[in-house]
Amino acid sequence: MANYLEVNSGKFPERTAVQVGFSVIHTYASLDEKARRLGAFLQKKKGLEAGDRIALLLPNSYEYIELLCGIWYAGMVAVPINHKLTVSEVQYILSDSGARVVFTNQTDVADLLEDVETLSSAVPHWELQDALERHCYRDSRDPAWIFYTSGTTGKPKGATLTHLNLASMASGYLIGIEPVSESHKLIHFAPMSHGSGLYLVPFLMAGGANLIPDPVKFTPENFVATVNAYERISMFLAPTMVRRVLDYLAANNQPLTVENIATITYGGGPMYAKDLNEALDVFGYRLVQIYGQGESPMTITYLSREQHRALKEKITKIDEESTPLLPVGHPHPQLEVAIRGEQSSFLPTGQDGEVCVRGDTVMQGYWGKEEASRNALADGWLHTGDVGHLDENGFLYLTDRLKDVIISGGTNIYPREVEEILLKFTGVREVSVVGRRDADWGEVVVAFVVASREVSEGDLDRFCLENMARFKRPKEYVFMDDLPKNAYGKILKTELRKLL
Ligand code: AMP
């Protein structure tokens, strides 16, 4: 990772690497310089060594990028932590990763952290007098980033990502999703500890700019202002962020200069057909969907702009006809996707099973968790825990998370399918379907609904009877003002199950 920046700083020293709003913070040369100084600080002043883990508990900021690069120049391993996590969650990740140092500006949190040195992200100048002559050599199979999964299904686990994993991921982006060159800006709206941080790798690799919006907070208003202000921008958004922007645009008559957008990459959770239809109407063919997970970061399949164009007609019909499950695209060419069934069999086209992945993007394992790593990487394939199937043209369809499938009366019900249908009912803004234990049926279907107008249980039940098999119908509806979401905007089905 350090080598890319070092080479680029020689190739185009004056090019913008990092900006906050319109202010240029770093050219490629100055970012390289800063990384050398931070690397020397970690090695010499802090006495840390190659392979040591350095945690980042910070909101999106230019210091985040400086520190990531400094950590890599020093041959150390970055442990990005979402700064919105609770102290006990942070403590868990720090001790699980064995981090030696954590950079944070949250003094109230820092005071509560034990066994780890806390440092401010603004390292004082007098600590940065030395600079590394060159970066510390690392093998491509050495860890670069421990990526903590969002923990929607249990305690977070640290997917150990090597330099090769990140390089392969970044090439996948540049070859498949979009090329990047000078003046192409990556807007960091999603957290750098997760989605957005991964995207900065291809941008630094290919010589684009990282733009931290000013103000930094993602709101639909800020999204509109940012899109209108800068040309040639790309960004990653979670589907729930796209939904918020669409609601805002529908309610406020605001002009949006969509031509400024090169690409909106979305993924990390299901994008419902109804939402995608609206998003395509607003943004045109500037959308690319990605399917990935921390264990194969950003990169399993992608659905290109052209494929969105081909799907549009199918999606437009959703109101009249059945709800199609939309594909999440084709596998990136540097990896293989297979659908596996019981006893590790390989399932034929069209059949649902566990999505498995093999290739250079697949993590080394979970940090410090041998058994979980063996299970996840059994016989050389990453077992994603997602259920899906491939069609005859190689498109992958994700049916659901294995752990979210509801088994009622011995039959599998995929919540995603029920959610897609309920979302078509006018007045249902958001919905999440989970199973509740039941003595007679094993589990029964319960729908949590956020409504934008008065909606009755009877109306929803009648709608379901017309649109889905009887046994898939929710037996109960719970109306809520908001669905519980984690810091990455993912709906927390674990919380919903707890409520039941
Ligand atoms: P994380 O490791 O926290 O990024 O979560 C990864 C999980 O999010 C995957 O295993 C999928 O269950 C889900 N996911 C990611 N991308 C998509 C997508 N495009 N559509 C549906 N689910 C997705």
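Along the sequence shown, residues carry numbers from 1. The structure presented is a predicted model; accordingly, all values stated were derived computationally and were not measured. Indexing begins at 1, ligand by ligand and atom by atom, following the structure's order.
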A.B. asks: Is Arg401 touching ligand 1 with its side chain, its backbone, both, or neither, if touching means heavy atoms under 4.0 Å apart?
C.D. replies: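 The part of Arg401 near ligand 1 is the side chain, not the backbone.
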A.B. asks: For ligand 1, which part of Lys490 has a heavy atom less than 4.0 Å away: the side chain, the backbone, both, or neither?
C.D. replies: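 The side chain, only.
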A.B. asks: Can you sort out which atoms of ligand 1 are near Ile290, meaning under 4.0 Å from one of its heavy atoms?
C.D. replies: 16 (N), 18 (C), 19 (N)
A.B. asks: Within the 4.0 Å heavy-atom shell around His194, which atoms of ligand 1 are there?
C.D. replies: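 Every atom of ligand 1 under 4.0 Å from some heavy atom of His194: 3 (O), 4 (O).
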A.B. asks: With nothing but distance in play, are any N or O atoms of Arg416 less than 3.5 Å from an N or O of ligand 1?
C.D. replies: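 In fact, backbone or side chain, Arg416 has no N or O that close.
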A.B. asks: Is there at least one pair of N or O atoms, one from Gly268 and one from ligand 1, spaced under 3.5 Å apart?
C.D. replies: yes
A.B. asks: Less than 6.0 angstrom separating the ring centers of Phe147 and Trp367, yes or no?
C.D. replies: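 Not close enough - the centres of the two rings lie 6.0 Å or further apart.
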A.B. asks: Short list, please: which atoms of ligand 1 are under 4.0 Å from a heavy atom of Gly292?
C.D. replies: 6 (C), 9 (C), 15 (C), 16 (N)
A.B. asks: Would you say the ring centers of His389 and Tyr397 fall short of 6.0 Å from each other?
C.D. replies: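 Centroid distance His389-Tyr397: below 6.0 Å, so yes.
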A.B. asks: Between His184 and Phe203, is the gap from one ring center to the other below 6.0 Å?
C.D. replies: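 Judged by ring-centre distance (under 6.0 Å), His184 and Phe203 do meet the cut-off.
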A.B. asks: Any N or O of Met271 that comes nearer than 3.5 Å to an N or O of ligand 1?
C.D. replies: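 Met271 vs ligand 1: no N/O contact under 3.5 Å.
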A.B. asks: My understanding is that only one of Lys493, Arg497, Lys498 makes a salt bridge (Lys or Arg N to Asp or Glu O under 4.0 Å) with Glu495; could you say which?
C.D. replies: Lys498
A.B. asks: Using only heavy-atom distances, determine whether the side chains of Tyr291 and Asp386 contain a donor-acceptor pair under 3.5 Å.
C.D. replies: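 Short answer, yes.
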A.B. asks: Count the heavy atoms of every other residue, nucleotide or ligand shown that sit under 6.0 Å from NZ of Lys84, and state whether that count exceeds 12.
C.D. replies: no
A.B. asks: Under 3.5 Å between any N/O of Thr384 and any N/O of ligand 1: does that happen in this structure?
C.D. replies: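 No; the residue has no nitrogen or oxygen that sits under 3.5 Å from a nitrogen or oxygen of the ligand.
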A.B. asks: Which ligand 1 atoms, with their elements, are less than 4.0 angstrom from a heavy-atom of Gln289?
C.D. replies: 18 (C), 19 (N), 20 (N)
A.B. asks: I want to know whether His332 and Tyr302 have ring centres closer than 6.0 Å.
C.D. replies: yes
